[in-house]
Protein chains: 2
Amino acid sequence: MHRHAGSDAGADPHACGADPGAVLARGEALCRERGLQFTPLRREVLEAVAAAERPQGAYDVAERLSRPGRRVAPVSVYRALDFLMEQGLVHRIASRNAFIPCAHAHGPGEGVVFLICRTCGGVDETSSREVERGLGRTLERAGFRPSHSILEVEGDCGACLERERAG
Amino acid sequence: MHRHAGSDAGADPHACGADPGAVLARGEALCRERGLQFTPLRREVLEAVAAAERPQGAYDVAERLSRPGRRVAPVSVYRALDFLMEQGLVHRIASRNAFIPCAHAHGPGEGVVFLICRTCGGVDETSSREVERGLGRTLERAGFRPSHSILEVEGDCGACLERERAG
DNA sequence: GGCGGGTTTGTTACAGTGTATCACCCCCGC
DNA sequence: GCGGGGGTGATACACTGTAACAAACCCGCC
């Protein structure tokens with residue numbers, strides 16, 4: 001899954017994980033542009049995360065990439081994931097200890113909302129200027145200077161609600 | 001710490017963890033009212049979390065409660081924490097795998113924002129109708145029915161910013 | 001061509017977080 | 001007394017993440 005769920009008026013829609021090819025292409029372009037190495041391992045890890053329907057744990061990825069004759073240790077996956085997160089190519093879902101791909105660039109300070117479906121397990125990513133603005137005001141009132149924030153919502157996605165209604 | 005950082009106009013201020021006695025009193029009252037057992041272990045776990053300045057891990061609590069002659073296993077602490085969370089007496093900070101006390105009742109569906117200071121490690125709890133409203137609209141637009149959400153902001157709290165400016 | 005230095009990866013070991021399972025205990029109602 | 005349910009103790013285990021060090025690799029430079 002990792003569909004995009006829409007965002008505030010004016011924001012670009014984007015597809016998170018909808019197309020592994022697009023994610024890989026973005027990773028490659030982005031690394032070239034920044035003079036960083038898009039190594040085979042990093043590519044494979046990104047590919048594994050992007051190909052999955054649901055958030056993948058580091059150990060899931062390690063298992064996916066391991067075959068008889070080639071073992072990929074979790075620690076290697078963690079390093080690749082750290083790199084990919086720094087570059088904004090994957091996100092970590094704190095409430096699940098798992099990772100999802102991200103195919104679009106986030107603006108600086110732009111808030112992201114993760115929509116985690118408890119039925120199908122998929123995760124959508126969206127953003128909201130409304131939430132961002134409200135949060136900014138709230139933090140200001142509290143005298144708190146933010147550096148990073150996570151907003152994860154668990155519930156039922158539209159598709160699963162529809163399926164439930166029909167079935 | 002666990003100070004209260006203020007909330008939207010009209011919302012009651014509340015002190016999370018500011019007064020362990022108040023937290024315990026609320027726990028006791030709430031269990032009596034709901035016909036649940038506020039056992040010694042649960043009380044001790046809540047007390048340990050409430051007395052701490054910063055979020056406590058389950059293993060921290062287990063260590064705190066253990067003395068020569070009496071060992072409290074982490075698993076027991078987890079069970080107590082699960083109970084306390086269900087009753088809304090403690091919150092879990094997902095980004096830290098740790099727990100903080102909560103001395104006030106949250107309204108149904110009321111959003112809570114955790115402000116995590118990366119300098120002093122303390123956590124403030126606040127709420128914002130603005131954020132809640134914006135999030136509600138965003139979720140509606142996405143066709144997503146929420147059951148539970150977490151909003152954690154990491155940064156620098158006012159006190160630490162002040163201290164930095166002075167020192 | 002060989003050398004030095006930074007980055008990436010492999011490997012092992014370990015720390016930290018959370019859960020499953022079963023036995024025991026205690027209390028309460030029948 | 002006796003059965004049953006909730007709570008706790010205890011052990012073992014699964015899952016998540018990091019530290020430390022060695023080996024491989026790449027690239028510029030002499």
- Nearest atoms (heavy-atom pairs only) where B/Tyr59 meets B/Pro74: CE2-CG, 3.5 Å
- Query: If you look at every heavy atom in B/Cys157 and B/Cys120, which pair is closest and at what distance?
  - Reply: SG-SG, 4.0 Å
- Reading DNA chain D 5' to 3', which nucleotide is the first, and which the last, to come under 4.0 Å of any heavy atom in chain A? D/dT16 to D/dA20
- Can you tell me how far P of C/dC26 sits from CD of B/Gln37, to the nearest Å? 14 Å
- With rounding to the nearest 0.5 Å, note down the distance linking CD in A/Glu86 to CZ in A/Arg34. 10.0 Å
- Query: Of A/Glu63, A/Arg64, A/Arg96, which is the lone residue that meets side-chain hydrogen bond (donor to acceptor under 3.5 Å, both in side chains) with A/Gln56?
  - Reply: A/Arg64
- Message: I need the A/Phe114 CZ to A/Glu152 CD distance, nearest 0.5 Å.
- Response: 6.5 Å
- Item | Neighbour count >12 (heavy atoms, 6.0 Å) for atom CD, A/Glu28 | yes
- Query: Are the side chain of B/Arg42 and the backbone N or O of B/Gln37 linked by a donor-acceptor pair below 3.5 Å?
  - Reply: yes
- Message: For the helix from C/dG1-D/dC30 to C/dC30-D/dG1, what angle separates the axis at the start from the axis at the finish, each from five pairs, in steps of 10°?
- Response: 10°
- Note on the structure: Value for OG (A/Ser76) from CZ (A/Arg71), rounded to nearest 0.5 Å, stands at 8.5 Å
- Message: I'd like to compare against my own output: the B/S/- annotation of nucleotides 9-21 of chain C with a strict under-4.0 Å heavy-atom distance to protein.
- Response: BBBB----BBBBB
- Task: May I ask you to decide whether A/Glu44 forms a salt bridge with A/Arg67, counting only side-chain N to carboxylate O separations under 4.0 Å?
- Result: no
- Message: Does this structure show an ion pair linking A/Arg165 with A/Glu162, if we count only N-O contacts that are shorter than 4.0 Å?
- Response: yes
- Message: How many whole angstroms separate atom CG of B/Leu36 from atom P of C/dC27?
- Response: 18 Å
